[in-house]
Amino acid sequence: MNMLSASLVPSPTIDLGLAKGRSVSTKISQTADPAHPEGLIISPATRATLNFQYASLRNINHCPTGMYITPSVESILVWDAVLFVHKGYYQDSVLKFTVTFPNDYPERPPTVRFLTDIFHPLVDPRTGAYSLAPRFRPWRPKEHQIHHILHFIKSTFKEPTLDKLHEEDVLNKEAFRLYRDNRTSFATLAKQSAELSQSPSALYDTSSSKKNHSLRFTPLRPNEVDEVLRALFVQTEYS
């Protein structure tokens, strides 16, 4: 049996505390972000908005089930996330992605990039860039928040949202046309990419593009699997 461990949290949805030794700063100050070579200045309004919207993910239904997200250790402007897809064409996919905020957020929208290769109409097969256009064009800074984006991302791996996509919004034209014209071939390729997302090379990749991702997976030995399963059984039985 193959089990995975990751820096995920016991919560069924999200880790709202940062890694040990870090905390969310509540002091509003205008500082340069050292993670960006340009030395971008994060405005007090942006810092406050990000802190507030991250904290708001505590609210019921704000963070989608099966999705985990945390600010990266390098920058408050970059959040690392992973999505576990449980149903549909992409069933059993394990997808890492990042959300990167501009230094004047929420005036401009964040960008999303998938680090896990996935055959999907909204994901650029070369760069992993993800299109938010179907739901967030135009971007409304006083209305749209990060939890809206997270729910949209999860929904795009389900048939009802895929059915509503338009060609001008997609970044993978082949995936879009197969979904529209040859659903059987699309389903086959989606299943293949879901299987590849669980492969050791995808899960445990330490290449430069993924090594700094906060949510890391490690393989478990058989005895460690047994310990995890026993712990889960105890927690379920007495919860």
S93 side chain to L95 backbone, donor-acceptor under 3.5 Å
no

pair F186-R180: side-chain heavy atoms closer than 4.5 Å
no

Does the side chain of V82 come within less than 4.5 Å of V94's, by heavy atoms?
yes

For the student: nearest non-hydrogen atoms of M67 and I153, plus distance
CE-CG2, 4.4 Å

Does any part of the side chain of N51, heavy atoms only, come nearer than 4.5 Å to the side chain of I76, both counted from C-beta?
yes

So does R108 pair up with D104, basic N to acidic O under 4.0 Å?
yes

Looking only at side chains, do Q53 and Y105 share a donor and an acceptor under 3.5 Å apart?
yes

Do T70 and Y54 pass the side-chain contact (heavy atoms from CB on, under 4.5 Å) test, and can you show the C-alpha distance, the side-chain angles, and the key distance before you say yes or no?
CA-CA 8 Å; T70 184; Y54 186 65; 3.8 Å; yes

All salt bridge (charged side-chain N to carboxylate O under 4.0 Å, His left out) counterparts of E159, not counting sequence neighbours
R183

Verify, without hydrogens or angle tests, whether S193 (side chain) and A190 (backbone) share a donor-acceptor contact under 3.5 angstrom.
yes

Is the CG atom of N223 crowded by more than 12 outside heavy atoms at less than 6.0 Å?
yes

Taking all non-hydrogen atoms of both residues, which atom of P110 and which atom of P102 are closest, and how far apart?
CA-CD, 3.9 Å

In terms of heavy-atom contacts, R47 and I42 come closest through NH2-CD1, 3.5 Å

Can any side-chain N or O of Y204 pair as donor or acceptor with the backbone N or O of R216 at less than 3.5 Å?
no

How about L57 and I69: do any of their side-chain heavy atoms sit closer than 4.5 Å?
yes

N182 side-chain N/O to S185 backbone N/O, donor-acceptor pair under 3.5 Å:
yes

Atom of L165, atom of P134 and distance for their closest heavy-atom approach
CD2-CG, 3.9 Å

N59 (side chain) donor-acceptor with S56 (main chain) under 3.5 angstrom:
yes

For the backbone of D92 and the side chain of Q198, can you confirm whether one donor and one acceptor N or O come within less than 3.5 Å of each other?
yes

Partner residues of E168 under the salt bridge (charged side-chain N to carboxylate O under 4.0 Å, His left out) criterion, sequence neighbours left out
none

Whether the Y68 and D80 side chains hold a donor-acceptor pair (N or O, under 3.5 Å, no angle test) is what I'd like checked.
no

Within residues 119-137 or reaching into it, pairs that qualify as salt bridge (charged side-chain N to carboxylate O under 4.0 Å, His left out) - sequence neighbours excluded:
D124-R126, R137-D169

Worked check of side-chain contact (heavy atoms from CB on, under 4.5 Å) between Q145 and H62:
CA-CA 10 Å; Q145 296 189 26; H62 268 214; 5.5 Å; no

Fit a plane to each ring of F217 and F84, take the angle between them on a 0 to 90° scale, and name the class: parallel (under 30°), tilted (30 to 60°) or perpendicular (over 60°).
perpendicular

What is the ring orientation for H120 with F157, classed by angle as parallel under 30°, tilted 30 to 60°, or perpendicular over 60°?
tilted

Is there side-chain contact between L196 and D117, with heavy atoms separated by less than 4.5 Å?
no

Would you please say whether a donor-acceptor pair under 3.5 Å links the side chains of S43 and T46?
yes

Does the side chain of S197 pick up a donor-acceptor pair with the side chain of K96 at under 3.5 Å?
no

Check whether H213 reaches the backbone of A81 with its side chain - one donor and one acceptor, N or O, closer than 3.5 Å.
yes

Heavy-atom side-chain proximity of V99 to F101 below 4.5 angstrom:
yes

Would you call the rings of W139 and H144 parallel, tilted or perpendicular, where under 30° means parallel and over 60° means perpendicular?
tilted

Smallest separation among heavy atoms of I146 and W79, with atom names
CG1-CZ3, 3.8 Å

Heavy-atom count around K87 NZ within 6.0 Å, excluding the residue itself: above 12?
no

Strictly under 6.0 Å, is that where the ring centroids of Y130 and F97 end up?
no

Minimum side-chain heavy-atom gap L171-P121 below 4.5 Å:
no

Around K191, counting heavy atoms of other residues, nucleotides and ligands shown, do more than 12 lie under 6.0 Å from its NZ?
no

